[in-house]
Structures are given as C-alpha cells and as structure tokens.
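Below is one structure; the comments refer to it alone.
The sequence lines fix the lettering, A, B, ..., with proteins before strands; numbering per chain opens at 1. Just so it is clear, the model here is predicted, and its values are computed rather than measured.
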Protein chains: 2
Amino acid sequence: MPRRATIIEVAREAGASKTSVSRYFAGERDKLSPALCERIAAAALRLDYRPNQMARGLKGGHSRLIGMLVADIRNPFSVAVMHGVERACREQGLALLVCNTDNDPELERTHLALMTSYQVEGLIINASGSPDAELQALTDRGLPLVLLDRELGAVEADLVGLDNARAIDLALDHLAEQGYGELLYLSEPPERASPRRERLTRFQAGLTARRLTGEAYTMSGSDEELARNIEAFLTRSAPKGSGEVPRALLCANGAVTLAATRALLRLGARLGKTGLMGIDELDWCALIDPGITTLAQPTEAIGQQAIASLLAKPGNQADAKARQHRFEPRVIARGSTRLSG
Amino acid sequence: MPRRATIIEVAREAGASKTSVSRYFAGERDKLSPALCERIAAAALRLDYRPNQMARGLKGGHSRLIGMLVADIRNPFSVAVMHGVERACREQGLALLVCNTDNDPELERTHLALMTSYQVEGLIINASGSPDAELQALTDRGLPLVLLDRELGAVEADLVGLDNARAIDLALDHLAEQGYGELLYLSEPPERASPRRERLTRFQAGLTARRLTGEAYTMSGSDEELARNIEAFLTRSAPKGSGEVPRALLCANGAVTLAATRALLRLGARLGKTGLMGIDELDWCALIDPGITTLAQPTEAIGQQAIASLLAKPGNQADAKARQHRFEPRVIARGSTRLSG
DNA sequence: ACCTATGATGGGAACGTTCCCATTTCTCGA
DNA sequence: TCGAGAAATGGGAACGTTCCCATCATAGGT
C-alpha cells in the first residue's frame, strides 16, 4: 500500500531543498531559477506528489477551506446559490465544506463549531437561528464572514442577497399593471428570517401608492387551512362602491408558491383570472397551465459575490464597514398574471 | 484578536499533560481518573478550547473528513441523497467536503485531487466521467470508496443505488396493469451513466413477457425534436390486427420527466389518455393536472447507506469483495397512468 | 518483604508543511 | 579591487496534534 510522497522526497529527487519545493507549490515560482523549477516539476511528476493540505493548513492557517452553512439544503434556491459559490471556489482553488442545519438552531451551533475546527478561511452563513454571539466571536478572531440572504442583527458582516424591497416593488408594479387590485400576500412565519420580514413590510407599505388593497397570511398550519384562507379571500364580497376587482396571490418564496399552487388547483381556480405570482423561479413554474409568473433571483451571481466578499475582507482589519450586496430580481411574466387569458 | 487555545494551554490550565488532554478529547476518557477528567473539562471550558482538526488530520491521517463528488448538484435526486449523507456524517461526527463536477470529467479529476489533498477518510463518488484509474489508485492506497448511483467498470468498490431492473419491472408492470400497450422509453444518452444503460436494457428485455411493444428514444437535441418524436409516436397508426392500443411514455429520470411533460403539454395531450410515468419523484409531479405517476427512490436511505458502507470498509484489507446495495423504488400512482380519467 | 503485573500519567518525537533567517553567488558602481 | 545589495537557495524551528514509550504508584501473589 503505497503512501503519498512528501515534500522532502520530492526535494531529494529533484536535488533541491524542501524550501524550494515549497516555494514552487506555493506559487512563488518567479523566485526560483527556471532550471530548478524544471527539476522540481519533473520530480513531482515522477513521484505523483500532491501537497498535503492538512499540513499546509496547520502551519500557516492557510487551509484553503471555505465553510458554507445552509439552513435548508433541499431548497432549490440554496442549491442554486451553492452552485455559484462552488464555481467561485473552484476558480480560487478553494474547497468547500458544506453543512446543512435543516433549520435547527441547535445544529447550527454544532456545525459552526465543526467548521471552525477545520480552520476554514471564511464562512458563508445562511442562518437558521440567531447564532449572533458565536459569529461575532469568530469575526473578532479575524475570520471573514458573509451573511447569505438572511441578516443577523448583531453581527457586523457583509450581507449578500436579494434586494427585497425592490423585489416586492417589482411584483406590486407588475400585478397592478396587469389589473389586479386586491392582493393576498402569503409567507412563512417572518420571525426568524429577515427577508421574510423585509418583504412583508414592503408589501404592506407599497399598497396604497398603487391603489391596491391587500392583506397578509402567514402559513403555519396545514394545506387545508391555507386553502380555506385562500378561498375566503377569493370569495368574499367586494368592498362597497368598487365593482368586482381582480384578485391575486403573491407568494414570498418557492415553498409558498408550491403550497399556494396546490391549494389553488384544489379549489379549482383558474390561474390568470385569479392572479398568482411568486418569488423564486422553479423548474415547474412554466409547466403549470398558463405558466406561473415569478421573480427570479440571480442565484449564480449571489453565490459568486459571496466568495468575492469573503476574499475582499482585509482579513484582520475589522475596521472595514459591513457592506450589503443586494441583487435585483427579474420578472418572468407568464399566464398566471394575465387576466385576458 | 484572540487566538484559539491549544492543547498545551489546556494542559497547563488543568495541571495535566497534553497527552492526557489529548486522550480526553480523543474519547479515551475511561483511561483517565475521574478527577483528572473533571479538571480537564473545566479547563477546556474556561479556555473555550476546540481541538484543531487540521493538526489531528496531519498526525494520524484522521481528518474526520468525507468527500462527496457529485455529477450535478442541481439535480434534486443528488441533493436528496446528499441530505442523507449529511445526516449520517453528522451522527458520526464527520464533516462533508462537497464537490460538484457539472458533469465535466476534467473537473472531476481536479476535484478528486483536491479532495484527496485534504486527506479525506472516505470518498463518495457520483461519477460524471470514468476516472477509473485515479479511483483505483486511491483504493489501492487504502482509501475507502463508495460509488453512488453510477457504476464504474474498472473500480472495485461498493455501489449504492437504485435497483434499476426492479424499477423498470415495477414501471412496466404498472403500465401494463393500467392498460397501456405501446410504450416509448425516453432517456438521456446512456453511454456514460450505468443506470441509464441498466434501465434501458431492462426496458427492452421486459416488453415481450408483458405483451407490450415499445421503443426507446434518446434525448439529445432540442425540446422541439423531443416533441416531434413524441408526436410521431402518439399519432402513428396502430399495428395491423390490433385495435387502438393506449400509449404511454416512460421517463428514465427526473430531468427527462420534466422535458417530456413540457412536450406533452405543448402537444396538447391529455395525461392519462396518454400515459406518463417517470423515475424520480419531484415536488411538482402531484401538481400537474391529473398528477404524474412516479417511481420514488429512497434517497435518504441511499445516502445513509453510502456512509455506512464507507465506514464498514475494513480500511486496509482490500480483500473485502465489493458489495452492491440496491434499493427498491416505490410506485406513486397518479392520474397520468389512469386511462379512465 | 520482594518482584511483578496493572493502571494512570507524562515526555518527546513524529506528521508535512511554511517561513524566518542564514548562506552563497553574482552584479555593479565607486 | 572591494563592498553592498540583490537574487537564489537551503537549514531548521515552528504549527497543534497523536502515539510510542517511559515512569511511577499501587496492589497482589509468593
């Protein structure tokens, strides 16, 4: 059972010192004479040498590892962002340690500890709970940190995510433009996740300027309950004075869109006549009969920016103010917000 | 900027030797007196000590890291399995290094090298190319290895995945039972991925015994081309002698199901009258009008078994024969395979 | 009382790097 | 001709663990 060659063996084989070999692999080839470079390259090839990242990480703290903590790995949005993060890592020669918390704050703490024990050089956090204290301790220690999608009050760290206000504005504009006048905003419980709060707030704030009326419903219970609430919204009598005003649902994210669509179909609603729009573009949104209108997030860009922000961190100087990178969504208009259909 | 405490500092704080502290954290507490244990625990708590995994990994090669190489991280099946893997890792105190190859064999090689440079203790491979040589070299070196979903001819390693023959049998049985007589099997190019070959072969072998006729189409081009081929299949005249025999599509995986559904809806086909069944259960399959019948894979179990197989490897003794863990899928019958609808 | 297992503890050499300092050789200007 | 400085290279001490060995009680059998 052969063992991997070490830097010492390569040095001997190349007739050089381990320092030179180290330099060669650390990308300081310009400091070496071409002849030496060549000898080292040949020797390394002959021995099939690969630097041991564990040893590297031990010495200088240069693990070349990035940790990513995801609240729900089965959420397509998270996966899409992860795809962008992964690609950016690859370009930088970084490896990605992925942990999924399944929205469990307890697990989040555990995984945070796990990742730091691997001396990660940076952390991308899509928080499920409020590990503010733990995270602040890490930044204090000089560990670059980026918040993904979800803000965390007490932590000074860059945030990368959607421009939630803009997203809601775009949605409201689109719905108003299409002729819908009464809206029902559907969301998961907004307590723990900042984007949910931001979106909900903006929704409520954005109604009057557009002469819309609307209300919000927080999903918590069963599909049945959701369906009942949607039905109540759709069937209640129009406010006096106004005639029949078209009604629409606005879904706060992909999971909600799924549940709402299920409910609407169960109620036998005709999409379009009943408006339906969701944040997050999903595979199947084009499939459901007239197509479901969505707001697509630039997930790839978000992922790449997360790594960019991480690497831009001056490392030790914590003086750099926390930045926000808010990305703009794109409206993908389909039949579910077309009244004429 | 405080630094993390080391084992030496804990030892001093506890009035013990680093060896004892090491033993304490390596889970050999039974070899220590209760008094000493207590002192160490207190000291570690006071200093907020966490063992440095990099150093651990360096010394004994015990990195507690598992690598997972995924061909396509945006495939919901892969993510679902990864979820199972992640959970199993967590239970074992392992960390998961995830690499996505985007189905690029070149990238696969790079990532393989990357992961091994982190001294991973095991590797879960969902291959995109044929890195047989590289992988065999790794097993020879004693690295436990598990193939996920996709077999690799030349590598002796456990395989964990679906019982593809059984899956096709279940599908054919179901379709025959529901009264469909002519089938079109849709698949992505079967060259590189063993499950595609296994499924296709079994499909062709399983027709006659069930008095079915069928043909296979390999998706390669555009949606239009797929739609044309499906249309040709649906509209061609019945073979002489037999009356009108109900026709159905069988989709080899989730991606194909998506494309086929898109095509069918575009063609204005009525699901049910035209049968549709797919391998892999997806969020939206219940949503499309009468519901799409699927074969669900036990993804969580597959993921957990992958880790189990990895840990069961006798480590060095490569004598252990490669095992196959084939899981049985479950039919989720919906309207798309109900003629009466 | 003595010799020997047995169990608890500690000292120190690895593990494979990086990086701080030499050391050596060479170039160039005074 | 000489010394200074740069450029190329190498030696050795870390980094934070683990683990082999040694040490030292303590207890038990003779």
Round to the nearest Å and state the distance from [X] atom [atom1] to [N] atom [atom2].
X        : N      : atom1 : atom2 : result
B/Tyr24  : D/dC19 : OH    : C1'   : 20 Å
B/Arg64  : D/dT17 : CZ    : C1'   : 15 Å
A/Leu58  : C/dT18 : CG    : C1'   : 10 Å
A/Asn52  : C/dT18 : CG    : C1'   : 13 Å
B/Gln53  : D/dT17 : CD    : P     : 10 Å
B/Gln119 : C/dG16 : CD    : P     : 8 Å
A/Leu32  : C/dT24 : CG    : C1'   : 16 Å
B/Glu38  : C/dA8  : CD    : P     : 16 Å

Students often get this wrong, so: under 4.0 angstrom with heavy atoms, is [X] touching a base, only sugar-phosphate, or nothing?
X       : answer
B/Ala16 : sugar-phosphate
B/Tyr49 : sugar-phosphate
B/Ser22 : base

Hydrogens and angles aside, do [X] and [Y] bring a side-chain donor and acceptor to less than 3.5 Å of each other?
X        : Y        : answer
B/Gln305 : B/Ser309 : yes
B/Asp140 : B/Gln136 : yes
A/Asn100 : A/His111 : no

Can you tell which of [options] lies closest to the side chain of [X]?
X       : options                : answer
A/Ser17 : D/dG16, D/dG10, C/dG11 : D/dG10
A/Ala55 : D/dT17, D/dT9, C/dG16  : C/dG16
B/Leu36 : C/dG10, D/dG10, C/dT17 : C/dG10
B/Arg23 : C/dT18, D/dC19, D/dC21 : D/dC21
A/Ser20 : D/dG10, D/dT18, C/dT18 : D/dG10

**Message:** Nearest 0.5 Å, please: how far is CE in B/Met68 from CG in B/Asn126?
**Reply:** 6.5 Å
Would you say a side-chain N or O of [X] is under 4.0 Å from OP1 or OP2 of [N]?
X       : N      : result
B/Arg3  : D/dG16 : yes
A/Ser33 : D/dT9  : yes
B/Thr19 : C/dT9  : no

Under 3.5 Å, is there an N or O donor on one side and an acceptor on the other linking the side chain of [X] and the base of [N]?
X       : N      : value
B/Lys59 : C/dG16 : no
A/Arg50 : C/dG16 : no
B/Arg4  : D/dG16 : no

**Asked** Does CZ in A/Arg326 sit with more than 12 non-hydrogen atoms of other residues, nucleotides or ligands closer than 6.0 Å?
**Response** yes
**Prompt:** What do you reckon, are the aromatic ring centroids of B/Tyr49 and B/Phe25 less than 6.0 Å apart?
**Reply:** yes
